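What follows is a set of notes on a single structure, which appears directly below.
All heavy atoms count here, side chains included; hydrogens, waters and symmetry mates do not. None of the values given here were measured: they were computed from a predicted structure. Below, read A as the first sequence line, B as the second, and so on, with proteins coming before strands; counting in each chain starts at 1.
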Number of protein chains: 2
Amino acid sequence: MQERLAGEGSAPLYMRVRDQLAIRIEEGSLTPNTRLPSERILADEYGTTRVTARLALAQLEAEGRIFRSNRRGWFVSPPRLIYKPTQDYSFSENVISQGRIPATETLDVTPTEINAWLATRTGLAVGDPIVWLRRRRQIDGRPVLVENIYLNPKRLPAIETYDFNRSLWKLLREQYGVELQGKHIEMYPTALVGPQANALGVTIGTAGLYVTRCSHDAEGGFVEFDEEFWLHDALSIQVEVY
Amino acid sequence: MQERLAGEGSAPLYMRVRDQLAIRIEEGSLTPNTRLPSERILADEYGTTRVTARLALAQLEAEGRIFRSNRRGWFVSPPRLIYKPTQDYSFSENVISQGRIPATETLDVTPTEINAWLATRTGLAVGDPIVWLRRRRQIDGRPVLVENIYLNPKRLPAIETYDFNRSLWKLLREQYGVELQGKHIEMYPTALVGPQANALGVTIGTAGLYVTRCSHDAEGGFVEFDEEFWLHDALSIQVEVY
DNA sequence: CTGCTTTACTGGTATATACCAGTTTGACAA
DNA sequence: TTGTCAAACTGGTATATACCAGTAAAGCAG
């Protein structure tokens, strides 16, 4: 190809490449979940090198417009899931209501003990028993979050014997009569590292959103503490205040 | 120096450099707002090249642990500001209550008209008058967000004549008797580009958090629409639900 | 001491190249 | 037709190098 981009705007080359790709996404010639041309081909098309092409791709990734799948290529990001933490309790119902297909996988269920960090979050004492549940959740087949859930076995006896590949919220309500009342939610953007990046199949350091949620029942007793690691391009958060 | 890092864990070199720097931050030999050694010096210290050193730095930046100031160097990030969108109305008061020093600069005040995008957000009609206000806000001298505020001149006559380098929320209450009642908040992680990156003095593409807030008064009338662009490492969001 | 200019230093952008580690595809054998 | 294996291709990591564009410090002139 060797079609060099004009340097009119004097913008950096990698931003001009970014702009060209953004146009191809916006105008619809590249639709959600479509694979982009490979880095080597893009570099050739725009008359530059892989390093610069990767800068342009990293830019679009940071904007949440494309994502990568390990050694498979770059893909156009699907729309963000709208998530209303003050209203939504069920991931699955929320995903379905937006016309998409949810999936949940249980990675691990481990009875363990409260450590210092969990003690300050849950109000329980260090050494108290807790059930640690790890799940991965998908939208349209794409893993978008992993979560660590810590369940209070005093409030939820034999909780570890249930199937977790379904709505936890429904399980708590139907099997234990728990009506979640209060929640404390905290969230901030950060990078996905270690087990979280692995479980989501993304490069270590991919941008993410970290969300924690501590739920209590109607009597104010601690029920569950939830720690979620989302892909940063997968959700949009909405809060209504009255 | 030329002290090459052992490759025991077989982790990539740039991650091992990252780990070394993270330790220096955690143990306190690098404190908030301290400048890190320059990229060239780091590359030399760890026996590698600038490109790899930059990978390590970009990693820590994505995690929100360091930030850069254009051509001045890399610095250790200060703690995140805790922001409770359901409770907090005043940026300044919130910053002060966390023992830090706020500052606000008015960048621009422009009377203009509602466009299609604003119409869907505010409920007003295309062509209706609106006052567009641009501000930059700092914590301890570091610009952490820029905002576009759209004020309803029908509800707030002569609003453009006031000084905006203070709490807008107090201005509305004291001068117009507005008691904000309902808010619709939306937020998602994205990259800072164009005027926003410029105003914050960061590289185009720096990770950010985009927050919009639409406020109504007690009678349900539209008062103001606010669009905020935050540095991604500057805040932690907390929501309480009862 | 003050104010200006020069210089050194910083990160920002870019090229060229190489090898590695998974994924996908296509050829071939059973 | 099915299963296996090799080849081609993908992004991931890394070195070496160069020049540009701002920042900050040193030095000099007044």
Side-chain angles (χ1 to χ4, degrees), chain A residues 2 4-7 9-19 21 34-62 66-76 141 191-193 197-198 200-206, chain B residues 2 4-7 9-19 21 34-62 66-76 141 191-193 197-198 200-206:
Chain A
Q2 244 81 317
R4 193 164 262 284
L5 289 178
S10 78
L13 175 55
Y14 80 92
M15 283 301 290
R16 303 203 298 275
V17 173
R18 184 222 84 101
D19 294 343
L21 289 172
T34 303
R35 222 200 85 198
L36 273 66
S38 78
E39 297 177 355
R40 287 169 176 85
I41 290 176
L42 287 175
D44 188 41
E45 275 184 14
Y46 293 112
T48 180
T49 62
R50 256 187 83 201
V51 180
T52 300
R54 276 174 72 84
L55 278 180
L57 292 166
Q59 181 64 38
L60 288 165
E61 183 189 37
I66 65 175
F67 66 96
R68 49 180 126 178
S69 179
N70 199 302
R71 283 168 230 272
R72 294 202 316 121
W74 296 83
F75 300 82
V76 179
L192 301 172
V193 293
N198 270 336
L200 292 174
V202 298
T203 306
I204 291 174
T206 298
Chain B
Q2 243 81 315
R4 193 164 263 284
L5 289 178
S10 79
L13 176 56
Y14 80 92
M15 283 303 289
R16 303 203 298 276
V17 174
R18 183 223 84 102
D19 294 343
L21 289 173
T34 304
R35 221 199 87 199
L36 273 68
S38 79
E39 296 177 355
R40 287 168 177 87
I41 289 176
L42 286 174
D44 188 41
E45 275 184 13
Y46 294 112
T48 181
T49 62
R50 257 187 81 200
V51 180
T52 301
R54 276 174 72 85
L55 277 180
L57 292 166
Q59 181 64 37
L60 289 164
E61 183 189 37
I66 64 175
F67 66 94
R68 50 181 125 179
S69 179
N70 198 302
R71 283 168 230 271
R72 294 204 315 123
W74 296 83
F75 299 82
V76 178
L192 301 172
V193 294
N198 271 335
L200 291 174
V202 298
T203 307
I204 290 173
T206 298

_At less than 4.0 Å, is any side-chain N or O atom of B:T48 found next to OP1 or OP2 of D:dT15? Yes or no._
yes
_Any B:T52 side-chain nitrogen or oxygen under 4.0 Å from OP1 or OP2 of D:dT15_ = yes
_Mind checking if B:T203 touches a base, just sugar-phosphate, or nothing, with heavy atoms under 4.0 Å?_
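Sugar-phosphate contact only - B:T203 comes under 4.0 Å of backbone atoms but never of a base.
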*Across the strands shown, which category fits A:R68 at heavy-atom distances under 4.0 angstrom: base, sugar-phosphate, nothing?*
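Since only primed, P, OP1 and OP2 atoms lie under 4.0 Å of A:R68, the category is sugar-phosphate.
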_Side-chain donor/acceptor contact of A:R54 with base of D:dG12 under 3.5 Å_ =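 It does not, because no donor-acceptor pair links the side chain of A:R54 to the base of D:dG12 below 3.5 Å.
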*Using the side chain to side chain contact (heavy atoms under 4.5 Å, CB included) rule, take A:I204 and B:Q59 through it: C-alpha gap first, then chi angles, then the decisive distance, then the call.*
CA-CA 9 Å; A:I204 291 174; B:Q59 181 64 37; 4.3 Å; yes
Rounded to whole angstrom units, what separation is found between the [atom1] atom of [X] and the [atom2] atom of [N]?
X     : N      : atom1 : atom2 : value
A:E39 : D:dT13 : CD    : P     : 11 Å
A:L13 : C:dA14 : CG    : P     : 5 Å
A:W74 : C:dT23 : CH2   : C1'   : 17 Å
A:I66 : D:dG11 : CD1   : C1'   : 12 Å
A:Y46 : C:dA14 : OH    : P     : 15 Å
B:Q59 : D:dG12 : CD    : P     : 13 Å
A:D44 : C:dA16 : CG    : P     : 12 Å
B:L55 : C:dG12 : CG    : P     : 13 Å

*asked:* Counting only side-chain heavy atoms from C-beta out, which of D:dT10, D:dA14, C:dG11 sits nearest to B:R50?
replied: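 Closest of the options to the side chain of B:R50: C:dG11.
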*Nucleotide of D:dG12, D:dC19, C:dA16 approaching A:T49 most closely (side-chain heavy atoms)*: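 Closest of the options to the side chain of A:T49: C:dA16.
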Which heavy-atom pair separates [X] from [Y] by the least distance, and what is that distance?
X     : Y     : result
B:R50 : B:A43 : N-CB, 3.7 Å
A:W74 : A:A58 : CH2-N, 4.4 Å
A:Y46 : A:L21 : OH-CD2, 4.3 Å

*Nearest-nucleotide 5' precedence on DNA chain D, A:S38 against B:V51*: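 On the 5' side of the pair lies A:S38.
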*Checking side chain to side chain contact (heavy atoms under 4.5 Å, CB included) for the pair A:V51/A:R54: CA distance, chi angles, key distance, verdict?*
CA-CA 5 Å; A:V51 180; A:R54 276 174 72 84; 5.8 Å; no
*What pairs with B:V202 under side-chain contact (heavy atoms from CB on, under 4.5 Å), at least two apart in sequence or on another chain?*
B:L192, B:A197, B:L200, B:T206, B:L231
*asked:* Among residues at least two apart in sequence or on other chains, which ones pass side-chain contact (heavy atoms from CB on, under 4.5 Å) with B:A62?
replied: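 With neighbours one apart ignored, the set is A:A191.
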So which protein N/O to nucleotides 22-26 of chain D N/O distances come out below 3.5 Å?
from: D:dA24; atom 1: OP1; to: B:R72; atom 2: NE; distance (Å): 3.4
from: D:dA24; atom 1: OP1; to: B:R72; atom 2: NH1; distance (Å): 2.8

